[in-house]
Structures are given as structure tokens and as C-alpha cells.
Amino acid sequence: MSKRCSIIIRTCNEERWIGSCLSSIYGQTYRNFEVILVDNESTDRTIEKARQFPIDGVVTCSDYFPGKALNIGIRKSKGEYIVCLSGHCIPVNDVWLANLVKNLDDDPALAGVYGRQEPMDFSSDADKRDLLLIFGLDRRVQSKDSFFHNANSILRRELWEKVPFDEEVTNIEDRIWAKEMLTLGYKLAYEPEASVYHHHGIHQNGNLERCTNVVRILEALGNGEKGGTLNISDLNIIAIVPAKGPGLVLGGKPVLFYTVTYAQTSRYVKHIYVSTDNENLAETAKSLGAEAPFIRPKSLSRDYVGLEAVFKYSLEKIEESRNYPDLVVTLEPTFPFRPHGLIDEMIKRVVTDGLDTVVAARRESRSLWQESEDGSLKRLDSGYAPRQYKERAFVGLKGLCCVTQAGIIRQGRLLGDKVGLYEVDNPYSHIEVREENDFRLAEQIMKTWQK
């Protein structure tokens, strides 16, 4: 009979990763396990997202030390085997747990086993270097070397009961425990077939140029032939469309029609919410297949109120219904001419490049000027050089499409710290419909655009 595993996951503001982590855990072939979260007072939606899965418990560790957190979780657990996992580590495949367990089942001399850690595609070169150098492709058994890593490990409960983790050290509690096991005559094992994706390394310093060169060599040798990415299908992605009432009409249809029906073509967006201050517009949204579960306050529709406040309020209302998104796609209905596949391509950029936000943009090769408060002008581009030699300048089109991490929206911001631009070169897509002249132009374009 398979032994019960208690998977102890340490978390602190891991909402960006915890859904993918738990999705992979609950997809494992080895099914005899329980999951206990030990949370260090997360201020984001880590816990709410975790509770979307059938986890067995959540305990809080306020005065955080790594060994203390693990001990708290283990004391709440019942398994014969203890699995330690960081909340931002994602098992690579569905046999991760089986491969950890097999080592302890097959060799009673092993006290514990730690698995491989692979970088994400967007991990820095310093982090890639660390992980590729330390976590290689060959399994090994250690009788003298006390290296051990609790971001991804398994150990015997009976041995933990004899030697719990040190609760006073700020780090390397895993190596201290491993050294005690070797002293008692046990061995340790490294199992590369029990691998997780880990976006940062275990050393976070060093010469960046040297790091880059080392990574390229390791990749050429085959140590880094693949990089991890989040599975987009595992992410909860929503779209929010802000709309003021009353709704306007374009081409015989509500302007809202073009944005809602466009969002419905996305492979990845699971819910489309229209955030409006108007009951009739909410009913229109519902008739188009969108969701409009709330009417936002009129105060959020005043000209001096930025859309960041609208999106923050809307996300709060959405999360009241226990829908906790990973990514939020924002689309303004004033842009009716979006190119095919824009939303999904921008979502891919956020995920594969590890960005906070991706904004649609158009390239601008003409002269750029900035006006100061006193009316004086400052030129931003380098001058009248041929276009092919000018600097790459872009104009953001956040209303056309913006994809951002939900945690950024919750802070009252639309753009995070790591922003990417997605170039849209179709000139019709740049057209925003707000004024009467805009509508006349859009009416003419719409006749051929829909074809």
C-alpha cells in the first residue's frame, strides 16, 4: 500500500504562482497525499486562490523562520512521508511526486531526497546559472555532502520526529537537518526526475556578464535545453470592459458589441465583465454574453477619475463572488478595430516573459515633443534622422488592450514594474472612437472591416 505524503507548502504573497503550483500537484499520478499551506501573513490573494483547490489545511506562521514554518505545518499533518515545497515552485510533470516517493520506498538508508529545480524561460541569467550548475541531470547519493534543499524535497516523518528543523536560523535549515542525518548514519539523494520550475535561483548576486556567458555554455551543453513556463490553461484570466452610459451606436450596433464579441474569440479569457454605471448598458452587455453583476457608482464615471480606480473597484466586486483571477485583460469599447488574436498573443507575452503588464502600442517614427507647464517644448526624439536610424519609439494604446497581473490592479495601478509592449501595426486598430468625426470615419471603415 502506498505511503501517505504530507505536502507542506510555505507561502508568502504567492498569488502569481500558487494556482499553477496546486494545479500541478492535484494532477499527479501518485494520489495518496494531503496538502497543508503554511502562510507567512500573505497580503495578496494567495490563500483565497489556494482554497479553490481541495487543500487540507492552512496554518499561519507570523514570526517567520523557514524551519519553524515547516515544523508548524508538519505538526498539523499525518503523512509518513513529508514533502517540502515552496509556493512559487511548480512541479514539471505528473510524476514528480511518484519519483520522490520511489527513492524512499526503494532505499531505507535514505533520510531524505531533494529534487531538481529548473529555471523559467524568463528567469534572469544569474538565476539560470545557479539552477543549471547546481541541479544537474545525474542522480546521486550523498554520504558526506550535506547539501539539501527544501524548496523541493521529501523526508521520513520518523526521522523528522527525532530531529525537527532548526527554528532559529534564518536560512539553510535544510542543510543543518541533512548534516544531522549524515551524522546518524543515513544518506541523502538527489533525484533529477523529480523536478520543479523555480523562477529565481538560490544565489542572487554576481557578475551579470559572467552569468550570461555561463548560461550560454550550459545551454549549449544541454543542461538547459528547456525552460519552464506557466501553463496558460491553468490560469484564471478575465476581461474587464469599462463602459459609461448611455451606450453609443456604431454600424447599427451598440459600440459595446464590438469589444465584447471580440473578447469572446479569446482562447484564454474565461469571464468577460462589463463594468458600467448604467442599468440599460448592463442589460445590453448580458444580451451579448458578457457578465454585468454590479452597477458601479456614478462617481467613478467623472472625467477626472482615472480608469485605474474603475478597474480596482471592479476587481474588488468580482472577487467578492470568490472569483480570483491571475491575469486581467482590460479593453475599452472606444477601440472597435482590434486585429485578430491580439488578446491571446499579449497574454502569451505576459506569461512567457514573466512580465507584470503588456500594453498594446504603435511605433512612432515622427518627431516627439513634450510640453511643460509653462508652455515650453522639449523634443524627445533624436532629430530628423532617417527612420531606419532613429530610436525605437512607441505610443501606448492601453485602451486597445492591456494585460496585467491581478495584484497590480488590486493596488490601484494598471501598469506593473516590468512592462512589455506589443506592437500593433494595423493603422485602423489605432483609431479611437469618441467624437462625432470619429464615428463618421469608423462607419466607413466598418463596412469593409467586418468582411
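Count residues from 1 along the sequence.
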>> Measuring centre to centre across the rings, with the benzene-like ring taken for any Trp, is Phe33 within less than 6.0 Å of Tyr26?
In response: yes

Going by an N to O cut-off under 4.0 Å, is there a salt bridge joining [X] and [Y]?
| X | Y | value |
| --- | --- | --- |
| Lys76 | Glu34 | no |
| Glu14 | Arg16 | no |
| Arg45 | Glu48 | yes |
| Lys49 | Asp326 | yes |
| Glu316 | Lys312 | yes |
| Glu279 | Lys286 | no |
| Glu319 | Lys317 | no |
| Lys102 | Glu193 | no |
| Glu308 | Lys398 | no |

> Going through the distances and angles, do Thr46 and Glu15 end up as a side-chain hydrogen bond (donor to acceptor under 3.5 Å, both in side chains)?
Replying inline: CA-CA 4 Å; Thr46 297; Glu15 72 165 272; over 6 Å; no

Which atom of [X] lies closest to which atom of [Y], heavy atoms considered:
| X | Y | answer |
| --- | --- | --- |
| Leu256 | Ala243 | CD1-CB, 4.2 Å |
| Tyr30 | Ser2 | OH-CB, 3.3 Å |
| Gly87 | Ile9 | CA-CG2, 3.5 Å |
| Ile343 | Ala263 | CD1-CA, 3.9 Å |
| Pro325 | Leu315 | CG-CD1, 3.6 Å |
| Pro333 | Thr259 | CA-OG1, 3.2 Å |

Does the side chain of [Y] come within less than 4.5 Å of [X]'s, by heavy atoms?
| X | Y | answer |
| --- | --- | --- |
| Val424 | Pro339 | yes |
| Val101 | Tyr81 | yes |
| Val403 | Val328 | no |
| Thr330 | Thr404 | no |
| Asp44 | Arg410 | yes |
| Glu173 | Leu70 | yes |
| Leu100 | Asn103 | no |

> Does Arg140 make a cation-pi contact with Tyr190 (under 6.0 Å, within 45 degrees of the axis)?
Replying inline: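 Yes; both conditions hold, so Arg140 lies above the ring face of Tyr190.
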
First locate atom [atom1] of [X], then atom [atom2] of [Y], and finally report the distance between them rounded to the nearest 0.5 Å.
| X | Y | atom1 | atom2 | result |
| --- | --- | --- | --- | --- |
| Ile36 | Ser6 | CD1 | OG | 6.5 Å |
| Arg51 | Ile18 | CZ | CD1 | 12.0 Å |
| Leu85 | Thr11 | CG | OG1 | 11.0 Å |
| Lys348 | Asp353 | NZ | CG | 12.5 Å |
| Ile232 | Ile237 | CD1 | CD1 | 6.5 Å |
| Asn437 | Leu441 | CG | CG | 9.0 Å |

> Can a donor-acceptor pair be found between the side chains of Asp344 and Ser266 at a distance below 3.5 Å?
Replying inline: yes

> Tyr273 and Asn323: side-chain donor and acceptor closer than 3.5 Å?
Replying inline: yes

> Where do Val358 and Cys402 land on the side chain to side chain contact (heavy atoms under 4.5 Å, CB included) test, with the steps shown first?
Replying inline: CA-CA 6 Å; Val358 170; Cys402 180; over 6 Å; no

Could you tell me whether the side chain of [X] and the main chain of [Y] form a donor-acceptor pair under 3.5 Å?
| X | Y | result |
| --- | --- | --- |
| Gln264 | Leu288 | yes |
| Ser24 | Ser20 | no |
| Thr265 | Tyr262 | yes |
| Ser275 | Val241 | no |
| Asp94 | Thr29 | no |
| Asn13 | Ser42 | no |
| Asp374 | Ser376 | yes |
| Asn152 | Arg116 | yes |
| Asp277 | Lys298 | no |
| Lys244 | Thr276 | no |

>> Going by ring pair (Phe, Tyr, Trp, His ring centres under 6.0 Å), Trp17 matches just one of His88, His199, His200. Which one?
In response: His199

> After noting the C-alpha distance and the side-chain angles of Ile318 and Ile238, does the key distance pass the side chain to side chain contact (heavy atoms under 4.5 Å, CB included) rule?
Replying inline: CA-CA 10 Å; Ile318 291 165; Ile238 68 169; 3.9 Å; yes

Answer yes or no: are there more than 12 heavy-atom neighbours, outside [X] itself, under 6.0 Å from its atom [atom1]?
| X | atom1 | answer |
| --- | --- | --- |
| Arg440 | CZ | yes |
| Tyr313 | OH | yes |
| Asp138 | CG | no |

>> Name the residue from Val92, Ile90, Asn99 that meets the side chain to side chain contact (heavy atoms under 4.5 Å, CB included) definition with Ser195.
In response: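 Running side chain to side chain contact (heavy atoms under 4.5 Å, CB included) over Val92, Ile90, Asn99 with Ser195 returns exactly one hit, Val92.
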
> Relative to the ring of His149, is the ring of Phe147 parallel (under 30°), tilted (30 to 60°) or perpendicular (over 60°)?
Replying inline: tilted

> So Asn150 and Arg10, side-chain hydrogen bond (donor to acceptor under 3.5 Å, both in side chains) or not? Walk me through it.
Replying inline: CA-CA 10 Å; Asn150 276 339; Arg10 290 176 290 183; 5.8 Å; no

>> Apply side chain to side chain contact (heavy atoms under 4.5 Å, CB included) to residues Arg338 and Leu400 and explain how you reach the verdict.
In response: CA-CA 7 Å; Arg338 293 180 174 89; Leu400 184 64; 3.5 Å; yes

> Between Tyr324 and Gln52, does a side chain to side chain contact (heavy atoms under 4.5 Å, CB included) hold up when you go through it step by step?
Replying inline: CA-CA 9 Å; Tyr324 304 107; Gln52 305 298 303; 3.5 Å; yes

> What do the steps show when you test Arg296 against Ser301 for side-chain hydrogen bond (donor to acceptor under 3.5 Å, both in side chains), and what is the final call?
Replying inline: CA-CA 9 Å; Arg296 74 174 193 243; Ser301 297; 3.2 Å; yes

